[in-house]
Structures are given as C-alpha cells and as structure tokens.
Amino acid sequence: MAELLAASLIRDVPDFPKPGILFKDITPVLEDPAAFQQVIDLMTEKALASGADVIVGIESRGFVFGTPIALQAKLPFAMVRKLGKLPYERITEEYSLEYGTNTVEMHTDAIQPGQKAYIVDDLLATGGTAAAAQRLVERLGGEVAGFGFMIDLTFLDGKKALGEKSVHALLEF
Ligand code: AMP
C-alpha cells in the first residue's frame with residue numbers, strides 16, 4: 001500500500017491538556033490537502049466496506065473527519081454532540097473519564113430504526129466516548145456496522161470497550 005502521508009505529520013504535544021498526557025495533535029494533517037485527502041479516501045473505503053448507511057461523527061474532531069467521509073460515501077451524516085448543544089428532542093449517554101464523567105447526546109431522529117451506523121472519530125483512546133456513541137445509536141434502534149479512527153492508542157486497549165464490532169484505524173501508537 002502507498003505510504004500514509006499523515007504518519008509523519010502527527011505532532012506529539014507532551015503534558016496536554018494535563019501533566020502525563022501525550023496529546024496526538026492532528027492539525028498538521030488538516031493543513032496538508034494531499035495527506036488529509038488520503039486519510040479521507042482510506043476511511044471512506046472502510047466505511048463503505050462495512051455496509052453502513054449512515055456516518056456518525058463524534059464532536060469535535062469526529063466531525064472534521066466524518067463529514068467528508070459522509071459526502072464522499074454519499075451517506076447521511078449524524079452528530080454525537082456534547083451535553084447541551086443539540087436543540088431538538090434528544091437522548092443522552094454518560095460515560096466515565098479518568099476523573100469524573102462526560103455526557104454525549106443525539107437527536108432522536110438522527111438514526112432511523114434498522115440503520116447501520118459507521119462511527120468516526122480522530123482517535124481511539126480508552127474507547128469510552130465511542131462506546132457511548134454506540135449506545136446512543138442502539139437506543140435509537142440502529143446497529144453499529146463498525147468504527148473508524150485515524151489513530152488508535154493501542155496501549156489503552158480501547159478496542160476492548162467496543163466489544164465484537166469491527167474497529168479500523170490507519171495508525172497505531
Ligand atoms: P476515549 O473516550 O478515551 O477513547 O477518548 C477519545 C477522545 O478523546 C477522542 O475524541 C480523542 O480526540 C480524545 N483524546 C483522548 N486521548 C487523546 C490523546 N492522547 N491525544 C489526542 N486526543 C485524545
């Protein structure tokens with residue numbers, strides 16, 4: 001396979017947002033159209049191969065990757081947003097963080113019963129966020145066809161939180 005142009009563009013930022021976290025900064029990838037396009041092409045292939053009929057993006061960087069994938073795949077795009085952002089009827093899922101909890105929401109009409117969703121984010125860490133997105137999709141009567149990430153921090157074993165579902169990442173650290 002051709003070299004992944006994004007691989008050399010991901011920037012490590014130590015101690016962000018707090019001491020001990022090595023943050024994977026993907027913004028240089030977005031600033032390089034050839035690298036960004038390659039990432040979108042490869043992630044779109046995986047989304048289509050999963051048989052998905054809707055792309056679900058997780059706020060915020062999941063929107064940056066999820067929307068071009070949805071357009072390229074000619075599939076609808078549905079948003080998983082942080083608490084308090086969605087204006088219409090919604091359902092809510094809470095999940096645990098290292099300290100405290102976080103909450104994500106979806107509009108009740110974002111997924112139609114029986115739809116197969118491909119859940120997209122920039123990076124898989126512990127998998128807590130993506131698992132909460134899966135619960136939202138399933139509560140709306142949808143099914144998860146798979147998960148797509150640009151990066152998987154494999155040492156955090158996030159795939160385990162996502163159970164039996166297919167998980168694809170372009171890069172592993
Ligand atoms: P998790 O729920 O632990 O899988 O965390 C995933 C979310 O947190 C994703 O939206 C990531 O963008 C963000 N995230 C977690 N850890 C990192 C990291 N080391 N570098 C960049 N983003 C991260």
Side-chain angles (χ1 to χ4, degrees), residues 1-50 52 54-86 95 97-100 102-106 117-134 144-162 165-173:
M1 201 186 78
E3 182 201 352
L4 187 73
L5 302 171
S8 60
L9 295 173
I10 291 155
R11 180 161 56 196
D12 284 348
V13 183
D15 300 321
F16 182 87
K18 56 186 179 197
I21 303 286
L22 182 62
F23 194 85
K24 295 287 180 189
D25 177 15
I26 55 94
T27 59
V29 178
L30 309 182
E31 292 161 8
D32 183 321
F36 190 21
Q37 183 69 60
Q38 188 190 31
V39 166
I40 297 305
D41 289 348
L42 293 169
M43 291 180 76
T44 303
E45 258 174 48
K46 291 293 173 186
L48 285 170
S50 78
V54 58
I55 303 294
V56 170
I58 302 176
E59 185 170 0
S60 307
R61 279 162 281 155
F63 296 172
V64 173
F65 292 91
T67 46
I69 291 168
L71 286 172
Q72 198 154 305
K74 298 196 178 353
L75 291 175
F77 180 72
M79 296 196 282
V80 170
R81 294 215 66 180
K82 291 169 185 156
L83 181 67
K85 303 282 187 187
L86 287 173
Y95 61 96
L97 299 171
E98 197 180 348
Y99 300 101
N102 213 350
T103 304
V104 284
E105 300 188 312
M106 267 185 123
Y118 192 79
I119 298 179
V120 172
D121 204 353
D122 65 327
L123 180 145
L124 175 65
T126 65
T129 316
Q134 173 172 6
V144 173
F147 295 89
F149 305 92
M150 182 164 73
I151 300 167
D152 179 2
L153 300 183
T154 52
F155 63 93
L156 293 172
D157 217 4
K159 276 185 185 162
K160 209 153 78 187
L162 305 180
K165 300 290 175 186
S166 118
V167 178
H168 182 261
L170 298 179
L171 285 167
E172 293 183 343
F173 291 100

Nearest heavy atoms of [X] and [Y], plus distance in Å:
| X | Y | result |
| --- | --- | --- |
| Val56 | Ala117 | CG2-CB, 3.8 Å |
| Ala35 | Ala6 | CB-N, 4.1 Å |
| His168 | Tyr118 | CB-OH, 4.1 Å |
| Gln37 | Gln72 | NE2-OE1, 3.3 Å |
| Val104 | Ala132 | CG2-CB, 3.8 Å |
| Ala70 | Phe77 | CB-CB, 3.8 Å |

Please check: side-chain N/O of [X] versus main-chain N/O of [Y], any donor-acceptor pairing under 3.5 Å?
| X | Y | result |
| --- | --- | --- |
| Thr154 | Phe173 | yes |
| Asp15 | Gly20 | yes |
| Asp121 | Gly62 | yes |
| Glu105 | Gly84 | yes |
| Gln134 | Val144 | no |

Quiz item: Stepwise, does the side-chain contact (heavy atoms from CB on, under 4.5 Å) test hold for Val64 with Leu30?
Solution: CA-CA 9 Å; Val64 173; Leu30 309 182; 3.6 Å; yes
Practice problem: With sequence neighbours excluded, give me every ring-ring contact (aromatic ring centres under 6.0 Å, His included) pair touching residues 14-34. | Solution: Phe16-Phe23
Once rounded to the nearest 0.5 Å, what's the spacing between atom [atom1] of [X] and atom [atom2] of [Y]?
| X | Y | atom1 | atom2 | value |
| --- | --- | --- | --- | --- |
| Thr129 | Asn102 | OG1 | CG | 7.0 Å |
| Ile69 | Asp41 | CD1 | CG | 10.0 Å |
| Thr44 | Leu75 | OG1 | CG | 9.0 Å |
| Leu156 | Thr126 | CG | OG1 | 7.0 Å |
| Ile151 | Leu171 | CD1 | CG | 6.0 Å |
| Lys24 | Arg61 | NZ | CZ | 13.0 Å |

Practice problem: Give a yes or no on this: more than 12 heavy atoms of other residues, nucleotides or ligands lie within 6.0 Å of atom NZ of Lys18. | Solution: yes
Quiz item: How far apart are the C-alpha atoms of Lys46 and Leu170, what are their side-chain angles, what is the distance that settles it, and do they pass the side-chain contact (heavy atoms from CB on, under 4.5 Å) test?
Solution: CA-CA 10 Å; Lys46 291 293 173 186; Leu170 298 179; 5.9 Å; no
Quiz item: For the rings on Phe65 and Phe36, is their centre-to-centre separation under 6.0 Å?
Solution: yes
Practice problem: Would you sort out whether Ile119 and Val80 count as a side-chain contact (heavy atoms from CB on, under 4.5 Å), showing the intermediate values? | Solution: CA-CA 9 Å; Ile119 298 179; Val80 170; over 6 Å; no
Self-check item: Residues Met150, Ile10; criterion side-chain contact (heavy atoms from CB on, under 4.5 Å); working and verdict
Solution: CA-CA 10 Å; Met150 182 164 73; Ile10 291 155; 4.2 Å; yes
